[in-house]
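This report refers to the structure that appears directly beneath it.
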Amino acid sequence: MKKIMLMLITSLFLLSGCSQGAQETHVDNPYEIAKGTQILSYYDKEENIKISGFQVLENTLQNFQDKNNNILVNDDGTIRCITITDETVKTYQSISVGDSVNKIEDAYEYEAKTNNLYSVLFHAGNEENPANQNREDDWLLIFYQTDGSQITAIQICDVKYGREFR
């Protein structure tokens with residue numbers, strides 16, 4: 001009986017210890033990002049933003065030139081663009097700043113590359129061929145700025161924002 005109780009207590013101790021470990025949040029959609037256990041969706045409203053370490057700007061031109069901030073561009077309370085420079089922020093396919101460009105090439109079928117910029121197009125959460133000229137304004141783009149070997153910044157925006165502010 002003591003042996004069974006000891007095994008039960010040991011099992012409970014091990015199980016409770018495993019649940020106390022750091023949890024990694026998985027990003028399931030191209031319009032989401034994660035920092036720690038916090039998830040931010042491109043479709044969140046400004047009042048729902050709970051992710052730390054991001055500066056919220058009004059709808060202004062913001063690009064990869066500002067390497068010191070994670071930025072959310074707000075347009076009348078709606079997120080229009082997310083710029084990520086922090087290595088601890090995960091994006092779709094678990095890609096983060098600091099990762100090798102090989103991770104982009106392995107993760108996507110239709111990534112387009114222009115100089116040191118990779119782009120991936122999504123419609124309704126599905127990857128699309130960037131040659132598709134029938135893009136709608138609400139389709140999403142993920143841009144990966146690189147130095148040739150590593151990702152230096154990531155930007156998520158809709159097609160309309162990308163067309164107007166790039």
Side-chain angles (χ1 to χ4, degrees), residues 23-114 116-146 150-166:
Q23 295 179 5
E24 183 176 308
T25 303
H26 184 72
V27 179
D28 295 322
N29 299 297
Y31 52 83
E32 293 176 331
I33 64 170
K35 184 173 184 184
T37 59
Q38 298 174 312
I39 289 186
L40 175 74
S41 169
Y42 182 85
Y43 299 107
D44 285 345
K45 296 292 186 187
E46 184 177 11
E47 63 268 11
N48 297 336
I49 298 171
K50 297 188 180 14
I51 197 165
S52 61
F54 280 80
Q55 178 183 0
V56 179
L57 300 176
E58 294 304 313
N59 196 1
T60 59
L61 177 60
Q62 192 64 44
N63 57 32
F64 290 121
Q65 301 307 313
D66 187 352
K67 300 264 194 255
N68 299 319
N69 293 305
N70 294 313
I71 298 168
L72 303 173
V73 175
N74 172 24
D75 184 15
D76 197 24
T78 303
I79 297 171
R80 292 292 309 283
C81 181
I82 302 170
T83 302
I84 303 158
T85 58
D86 183 343
E87 293 181 2
T88 65
V89 177
K90 290 188 182 243
T91 64
Y92 190 54
Q93 304 287 10
S94 295
I95 298 174
S96 300
V97 170
D99 286 345
S100 166
V101 296
N102 295 335
K103 197 164 183 180
I104 301 167
E105 294 166 350
D106 292 342
Y108 300 111
E109 182 177 353
Y110 298 117
E111 77 278 354
K113 182 181 182 218
T114 306
N116 286 332
L117 184 69
Y118 287 81
S119 61
V120 185
L121 178 66
F122 294 92
H123 172 244
N126 297 312
E127 185 182 356
E128 292 285 332
N129 188 330
N132 183 344
Q133 296 302 312
N134 297 321
R135 300 176 184 186
E136 296 181 24
D137 287 349
D138 63 342
W139 290 19
L140 288 179
L141 289 159
I142 301 179
F143 294 100
Y144 299 95
Q145 179 68 46
T146 74
Q150 285 188 315
I151 300 168
T152 58
I154 302 170
Q155 192 169 63
I156 303 169
C157 65
D158 59 55
V159 168
K160 182 179 179 183
Y161 183 91
R163 183 175 53 245
E164 292 174 355
F165 292 101
R166 279 226 159 260

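Residues: numbered from 1 along the sequence shown.
- Inter-residue side-chain proximity for Glu105 and Ser100 is flagged as unmet; no heavy-atom pair is nearer than 4.5 Å.
- Arg135 contributes no side-chain N or O that, together with a main-chain N or O of His123, makes up a donor-acceptor pair within less than 3.5 Å.
- Residues Ile142 and Tyr92 approach most closely at CD1-CB, 4.4 Å, considering heavy atoms.
- The nearest pair of heavy atoms linking Gln93 to Lys103 is O-CE, 3.9 Å.
- Contacts classified as salt bridge (Lys or Arg N to Asp or Glu O under 4.0 Å) and involving residues 32-41 (residues at least two apart or in different chains) are given here: Lys35-Asp86.
- Salt bridge absent: Asp138 and Lys160 never bring a charged side-chain N and a carboxylate O closer than 4.0 Å.
- Put simply, the residue from Asp158, Asp44, Asp137 that forms a salt bridge (charged side-chain N to carboxylate O under 4.0 Å, His left out) with Arg80 is Asp158.
- Side-chain atoms of Glu136 do not come within 3.5 Å of backbone N or O of Asn134 as any donor-acceptor pair.
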Between Leu40 and Val89, does a side chain to side chain contact (heavy atoms under 4.5 Å, CB included) hold up when you go through it step by step? CA-CA 10 Å; Leu40 175 74; Val89 177; over 6 Å; no

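- With rounding to the nearest 0.5 Å, the separation of CG in Leu140 from CG in Asn29 is 10.0 Å.
- Atom CD1 of Ile154 is separated from atom CD of Gln145 by 11.0 Å, given to the nearest 0.5 angstrom.
- Closest approach of Ile95 and Ala107 over heavy atoms only: CD1-CB, 4.0 Å.
- Note that NE2 of His26 is 9.5 Å distant from NZ of Lys90, once rounded to the nearest 0.5 Å.
- Between the CD1 atom in Ile33 and the CD1 atom in Ile156 there is a gap of 6.0 Å [rounded to 0.5 Å].
- Atom CZ of Arg163 and atom SG of Cys157 lie 10.5 Å apart (nearest 0.5 Å).
- No side-chain heavy atom of Leu121 sits less than 4.5 Å from a side-chain heavy atom of Asn129.
- Of all the heavy atoms in Gly98 and Glu87, the pair that sits closest is CA-OE2, 4.2 Å.
- Taken to the nearest 0.5 Å, the CD atom of Gln150 stands 8.0 Å off from the CG atom of Asp99.
- In plain terms, the two heavy atoms of Thr91 and Ile84 that are nearest each other are CG2-CD1, 3.5 Å.
- A pairwise comparison of heavy atoms in Phe122 and Trp139 identifies O-CB, 3.3 Å as the closest pair.
- Ring centers of Tyr118 and Tyr108: at least 6.0 Å apart, outside the cut-off.
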